[in-house]
Amino acid sequence: MSMLAAHGGHPTIDLPGPHYRWPTIDADLEHAIIEQTRRSLSERDGRGVIGDFEQAFAAFVGAPHAVSFASGTAAIHAMSRVAGLCPGDAVIAPAYTFLATATPFAFEGVEVRFADADEYGNVTADSLAVQLRPNVRAVIVTHIWGNPCDMTAIAAFCRDHDLLLLEDCSHAHFGSWAGLHVGSLADMAVYSTNQKAITTGEGGMLTMRDRRYRDLALLFGHYNKRCQSEIGPKADYYPFAYTGMGLKHRMHPLAAAIGVHQLKRADDIEQRRREILDRVTASLAANPVITTALVPHQLGRHGLYVIGLRFSPDNATVTRDKFVKLCLAEGATEVDVPGSTRDISAEPLFGRPDPHAPYQHVTVTPPNLPGVRQFQDTFIKIPIWGYPGDNEFVDGYIAALNKVSAAVAA
Ligand SMILES: *Cc1c(COP(=O)(O)O)cnc(C)c1O
């Protein structure tokens, strides 16, 4: 076995950074952006590229309606208001997630109750049930790192307790559970198109089955001309079409143009990313230190955002953090312990007594969430790549992970 780079050996990977670039910028994408620049840089209604992207996105995820937003965070904010959640109401959210799954609810003074995670980092019907209280009106789940939650059980739980089901599908654009695309069972689902599998740079999409929710989503981000042309004049909320509800959260037309371009290639993106996920999984299958952490594919299909890895401390002579340092020394600079996506349950934002005060000093007692701790302490991620020329990264990262694992295996 070759010596670890950290101990004076040669690094496995000697490739210039960055080791992950997304989206792939080819002549075709450049052309699409320039064409849109010539056509229009501001869209007041859904007749141009904004409508094109929304329709393509709705078809992509199999949703009846899709409404675009300037960010996933803005889409979640709209979702909170369209759902009718008010101060005094509560929503149950994952403790382990990207902060924006829950922060817009807190902005609105809605109480956020945090649910524990399973071995994939996801909430379950059981962990949600622990947080049930009389004021809980909705549940939001995240399919964290691309692994789908058990939506059969979670949808049944929400039906039984008369709760709205909201989904944050930002990590799982290509994910499904029991043959249904993620988001299908939800009252509303959000897909950030920030640096996600389908990306627009900045942006977010809200999908729903219900026409009334769709119209209300327009009022919470797309006032005036668009609302006046798309909301039926007989609707009881039509008088708000001119002003909307006070906020504007439109997606930039250039972002939508990038999104349309991405969705035309969605099949290729999916095929290539699945291939890489399968290859990495097979290459680490016999590795006692590190393996991919994937929901069994008979249950659900992975959403193809990143590749999540599970570190087994009992099988290693080093800690998870030391293991990552050794990988970095091998030149695998994208081997990562996530810092932004983590347990958010003790953040002061969620403990403010007055949501309208500019800020208040509060101390939050963190809830006891052993599943979250266990998942977070053993999790590592690497990119899923998925573009021309990515082979040397895939092979290099597999080699680096296996080399470090062999050196530290207990
Ligand atoms: C990226 C992300 C968001 C926020 O979306 P933005 O488009 O960055 O505002 C929300 N939830 C999850 C799980 C995300 O990964």
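Order of listing sets the numbers, starting from 1, for every ligand and every atom in it. Counting from 1, the numbers follow the sequence of the chain as shown. Fair warning: this is a prediction, and the values are worked out from it, not measured in the lab. The basis for the numbers below is simple: all heavy atoms, side chains too, and nothing from hydrogens, waters or symmetry mates.
- The closest protein non-hydrogen atom to atom 9 (O) of ligand 1 is T73 OG1, 2.5 Å.
- Which of K196, H143, M205 comes nearest to atom 1 (C) of ligand 1 through a heavy atom is settled by distance: it is K196.
- Using a 4.0 Å cut-off between a side-chain N of Lys or Arg and a carboxylate O of Asp or Glu, D390 and R272 qualify as a salt bridge.
- Residues V372 and F114 have side chains not in contact (no heavy-atom distance under 4.5 Å, counting atoms from C-beta outward).
- Residue contacts with ligand 1: D168 is placed with a nitrogen or oxygen under 3.5 Å of a nitrogen or oxygen of the ligand (distance criterion only).
- The atoms of ligand 1 that sit less than 4.0 Å from any heavy atom of A100 are 4 (C), 10 (C).
- Close contacts between ligand 1 and H171 involve ligand atoms 13 (C), 15 (O) [criterion: under 4.0 Å to a heavy atom].
- Between I76 and ligand 1, not a single N/O pair is under 3.5 Å apart.
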Next item on the list: Could you check E54 against H65 for side-chain hydrogen bond (donor to acceptor under 3.5 Å, both in side chains), going step by step and ending with a plain yes or no?
Entry: CA-CA 8 Å; E54 289 174 351; H65 305 292; over 6 Å; no

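- Using a 4.0 Å cut-off between a side-chain N of Lys or Arg and a carboxylate O of Asp or Glu, E111 and R113 qualify as a salt bridge.
- Residues F60 and I198 have side chains in contact (heavy-atom distance under 4.5 Å, counting atoms from C-beta outward).
- In terms of polar-atom proximity, defined here as any N/O pair under 3.5 Å, T193 makes no such contact with ligand 1.
- For T97, no nitrogen or oxygen atom sits less than 3.5 Å from a nitrogen or oxygen atom of ligand 1, counting backbone and side chain alike.
- Electrostatic pairing of D395 and R279 counts as a salt bridge here, judged by a charged N lying under 4.0 Å from a carboxylate O.
- Both the backbone and the side chain of S71 come within 4.0 Å of ligand 1, counting heavy atoms alone.
- Ion pairing of E347 with R342 is present here, as a side-chain N (NZ or NE/NH1/NH2) and a carboxylate O approach within less than 4.0 Å.
- Residue contacts with ligand 1: T142 is placed with no nitrogen or oxygen under 3.5 Å of a nitrogen or oxygen of the ligand (distance criterion only).
- Among all protein heavy atoms, the one lying closest to atom 3 (C) of ligand 1 is F98 CD2, 3.6 Å.
- Not one N or O on the side chain of T291 forms a donor-acceptor pair closer than 3.5 Å with the backbone of A285.
- Look at G203 and you'll find a heavy atom under 4.0 Å from some atom of ligand 1.
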